[in-house]
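Reviewing the structure listed below.
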Amino acid sequence: MSPEMQQCMKDCHHCHLTCLHMAATHCLEMGGKHVELAHMRLMLDCAEICQTALNFMARNSAQHAAVCRACAEICRACAASCEQLGDMQECVEACLRCAESCERMAAMG
């Protein structure tokens with residue numbers, strides 16, 4: 001397993017945990033726009049695709065590049081949504097870091 005893949009797996013894991021945690025705590029506590037359906041779904045979708053990408057890489061699946069490509073796209077959308085709401089910098093940073101790692105893996109795959 002390449003160092004790039006190991007880093008991407010770490011970034012996916014961190015993003016998965018961050019999105020899930022922020023959705024279940026910060027967003028629910030903030031209410032209002034933070035709990036609007038589209039935003040909450042996007043955060044949960046992001047957490048799920050990060051976990052899926054991690055699993056594909058852990059299995060050394062031949063399809064990991066395709067999943068990483070999708071993961072990067074969803075992470076960027078989640079980062080944009082969190083940035084727009086404000087007060088979610090931890091999530092924005094985790095999503096952007098994961099998107100960049102996944103884009104590298106997709107390009108290598």
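Heavy atoms only: backbone and side chains are in, while hydrogens, waters and symmetry mates are out.
Under a hydrophobic clustering in which Ile, Leu, Val, Met, Phe, Trp and Tyr are joined whenever their side-chain heavy atoms come within less than 4.5 Å, directly or via other members, Met5 and Phe56 fall into different clusters. Hydrophobic clustering, with ILVMFWY side chains joined whenever heavy atoms are under 4.5 angstrom apart, keeps Leu85 apart from Met40.
In this structure, CE on Met105 lies 6.0 Å from SG on Cys8, to the nearest 0.5 angstrom. Rounded to the nearest 0.5 angstrom, Ser101 OG and Asp11 CG are separated by 3.5 Å. Distance check, rounded to the nearest 0.5 Å: CD of Glu29 to SG of Cys27 gives 9.5 Å. Taking CZ of Arg104 as the start and OG of Ser2 as the end, the distance is 11.0 Å to the nearest 0.5 Å. Interatomic distance, CE of Met22 versus CD of Glu90, reported as 5.5 Å (0.5 Å rounding).
Among residues two or more places apart in sequence or in another chain, the side chain to side chain contact (heavy atoms under 4.5 Å, CB included) test is passed with Asp87 by His26, Met30.
Salt-bridge annotation for Arg76 and Glu103: present, with a side-chain N of the basic residue lying under 4.0 Å from a carboxylate O of the acidic one.
The heavy-atom pair separating Ala23 from Leu44 by the smallest distance is CB-CD2, 4.3 Å. Closest approach of Cys71 and Ile49 over heavy atoms only: CA-CG1, 3.7 Å. Contact detail for Cys15 and Cys46: the closest heavy-atom pair is SG-SG, 4.0 Å. Across Ala77 and Leu42, no two heavy atoms sit closer than the pair O-CD2, 3.4 Å. Smallest separation of non-hydrogen atoms from Met1 and Met57: CE-O, 4.0 Å. Across every non-hydrogen atom of Cys12 and Leu54, the tightest pair is CB-CB, 4.2 Å.
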**Request:** Could you walk me through whether Cys95 and Cys82 pass the side-chain contact (heavy atoms from CB on, under 4.5 Å) test, one step at a time?
**Result:** CA-CA 9 Å; Cys95 288; Cys82 291; 5.7 Å; no
**Message:** Glu83 vs Met88, test: side-chain contact (heavy atoms from CB on, under 4.5 Å). Steps then yes/no.
**Reply:** CA-CA 7 Å; Glu83 183 84 62; Met88 296 193 65; over 6 Å; no
**Asked** Going through the distances and angles, do Leu28 and His34 end up as a side-chain contact (heavy atoms from CB on, under 4.5 Å)?
**Response** CA-CA 7 Å; Leu28 290 178; His34 284 78; over 6 Å; no
**Message:** side-chain contact (heavy atoms from CB on, under 4.5 Å) for Arg69 and Cys102? Distances and angles first, verdict last.
**Reply:** CA-CA 6 Å; Arg69 195 171 299 111; Cys102 280; over 6 Å; no
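Counting heavy-atom neighbours within 6.0 Å of Gln89 CD, excluding the residue itself, gives a total above 12. Atom CD of Glu48 sits in a sparse spot, with 12 or fewer heavy atoms from other residues, nucleotides or ligands closer than 6.0 Å. More than 12 heavy-atom neighbours from other residues, nucleotides or ligands sit within 6.0 angstrom of CD on Gln7. More than 12 heavy-atom neighbours from other residues, nucleotides or ligands sit within 6.0 angstrom of NE2 on His14.
Without hydrogens or angle criteria, His16 side chain to Ala47 main chain gives a donor-acceptor distance under 3.5 Å. His64 contributes a side-chain N or O that, together with a main-chain N or O of Ser61, makes up a donor-acceptor pair within less than 3.5 Å.
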